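Each remark here refers to the structure printed beneath this line.
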Amino acid sequence: MIRPLGSALVLLALLVGTARAHEGLHRRIAALEAKIHAAPEDVPPRVEHARLLREGGHAEQAAAALDGLAAIAPGHPLLLLERGLLALETGDDPAPWLDAHLASPDPRAVGFDARAALHEGAGRPWAALSDRQDAWQRGPTPDRALAFAAALERVGDHPCAALALADAERQLAGAIVVRLERVEVLLRGRMDARAAARALVDDAPNNPDRWLLLARATEPTEPEAARGHRERALQLATQRLADRPSALREAALARARASLETP
């Protein structure tokens, strides 16, 4: 009887959370509509209004809002960008809108993100790489760093991908997803990943997955040391699960055990 009650409480919590999110969205839209009414020629509130409608799943209302903005500022770069992003979601061709926005004096990183994804889907890796680089330079985030590095790998330049991630580490104050991906890029490019992997272990010496990563980095040159790292991972994973059982810790233990299995 406890499990159904627990499931019902979880479902109720999800429903309440969703309802609150919708209420928050409606309040933000209403506040923007008040701003638009007070200053109808002010472009940013109109663009934000259309964006919230689009992200809230109201594509037709978003299109109508953009039509209203087009009557006031037909060539505004933010209007062009939002037209392109809306076209992406509705299945229309976003390229003309995105191209026009990105040719403007102050293009936004999200526009380069969107066009890069189009290039990638169409099998144009070099064009995608250019846009990924521009997106990263205009708005550095962990996601953009990873996308830029992936674009470099797609054109076969693993060393530059690793260097790009090293630069991103410095700019993003050592974002962990960037640091982890740098080790993976070094490994995929058959480069020496030991120092980068060791730094991750030094930062979290009780994390079994970090030891498994160090084992992979060490394996090509020091197989015995790599085995020792795997054994350390197994020891840590076993202890952590005993201290506080959880599904995540069970999975970590399974990974550590699998790493020591004889091929």
Side-chain angles (χ1 to χ4, degrees), residues 2-4 6-7 10 14 116-117 120-121 123 125 128-129 132 136 141-263:
I2 294 176
R3 287 186 177 178
S7 299
V10 170
L14 289 172
E120 287 160 359
L129 172 58
R132 290 297 184 192
W136 160 250
T141 66
D143 284 345
R144 289 190 177 115
L146 298 182
F148 178 33
L152 284 163
E153 284 195 280
R154 274 191 289 273
V155 299
D157 198 339
H158 289 81
C160 278
L163 287 172
L165 290 172
D167 177 60
E169 283 184 38
R170 291 188 290 272
Q171 290 198 49
L172 301 174
I176 189 59
V177 293
V178 173
R179 296 180 66 196
L180 289 168
E181 182 60 14
R182 180 168 170 249
V183 176
E184 296 292 350
V185 168
L186 290 168
L187 290 172
R188 287 194 293 268
R190 300 182 183 278
M191 294 174 280
D192 190 352
R194 287 174 296 175
R198 171 56 73 178
L200 286 166
V201 168
D202 290 343
D203 286 348
N206 294 322
N207 185 323
D209 285 323
R210 302 284 179 90
W211 284 95
L212 293 180
L213 191 60
L214 179 59
R216 290 171 55 207
T218 308
E219 185 70 41
T221 55
E222 303 171 78
E224 287 302 317
R227 181 170 183 81
H229 298 329
R230 292 190 177 96
E231 289 171 348
R232 178 59 176 157
L234 179 60
Q235 179 187 30
L236 288 169
T238 302
Q239 185 60 53
R240 283 160 62 92
L241 182 61
D243 290 343
R244 193 171 72 237
S246 72
L248 287 176
R249 294 186 175 198
E250 286 180 2
L253 179 58
R255 288 192 294 273
R257 284 174 173 161
S259 74
L260 281 166
E261 291 178 358
T262 303

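Everything numeric here is computed off the predicted structure, so don't read it as measured data.
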Closest non-hydrogen atom pair, Leu236 against Pro205
CD1-O, 3.4 Å
Test your reading of the model: is there a side-chain donor-acceptor pair from Arg230 to the backbone of Leu260, 3.5 Å cut-off?
no
Do Leu152 and Leu129 come close enough that some side-chain heavy atom pair is under 4.5 Å?
yes
Within-4.5 Å side-chain heavy-atom neighbours: Thr238 and Leu253
yes
Just by modelled atom types, is the Leu200 backbone N or O under 3.5 Å from a matching donor or acceptor in the Arg210 side chain?
yes
Between Ala196 and Arg182 the two heavy atoms that sit nearest each other are CB-NH1, 3.7 Å
Reported OG1-to-CD distance for the pair Thr218 and Glu224, which is rounded to 0.5 angstrom
12.0 Å
Please name the residue in the list Arg249, Arg232, Arg240 that meets the side chain to side chain contact (heavy atoms under 4.5 Å, CB included) test with Pro208.
Arg240
Value for CZ (Arg188) from CD (Glu153), rounded to nearest 0.5 Å, stands at 4.0 Å
State, to 0.1 Å, how close Ala226 and Glu219 come at their nearest heavy-atom pair, and which atoms those are.
CB-OE1, 3.2 Å
With heavy-atom distances below 4.5 Å as the criterion, would you say the side chains of Arg216 and Leu213 are in contact?
yes
For Arg257, does the CZ atom have more than 12 heavy-atom neighbours from other residues, nucleotides or ligands under 6.0 Å away?
no
Of all heavy-atom pairs between Ser259 and Leu212, which one has the smallest distance, and what is that distance?
OG-CD2, 3.3 Å
Is Thr221 close to Arg194 at the side-chain level, that is, under 4.5 Å between some pair of heavy atoms?
yes
Give the table of side-chain donor-acceptor pairs shorter than 3.5 Å for residues 160-173, with sequence neighbours excluded, one pair per line with atom names and distance.
residue	atom	partner	partner atom	Å
Asp167	OD2	Gln171	NE2	2.9

Considering only residues two or more places apart or on different chains, which pairs with a residue in residues 211-256 satisfy ring-ring contact (aromatic ring centres under 6.0 Å, His included)?
Trp211-His229
Arg198 side, atom CZ; Asp203 side, atom CG - distance, nearest 0.5 Å
11.5 Å
What's the shortest heavy-atom distance between Ala175 and Pro142, and which atoms?
CB-CG, 4.2 Å
So, taking the atom named CZ in Arg144 and the one named CG in Leu146, what distance separates them when rounded to the nearest 0.5 Å?
12.0 Å
Looking only at heavy atoms, the pair that brings Gly174 and Arg179 closest together is O-CD, 3.4 Å
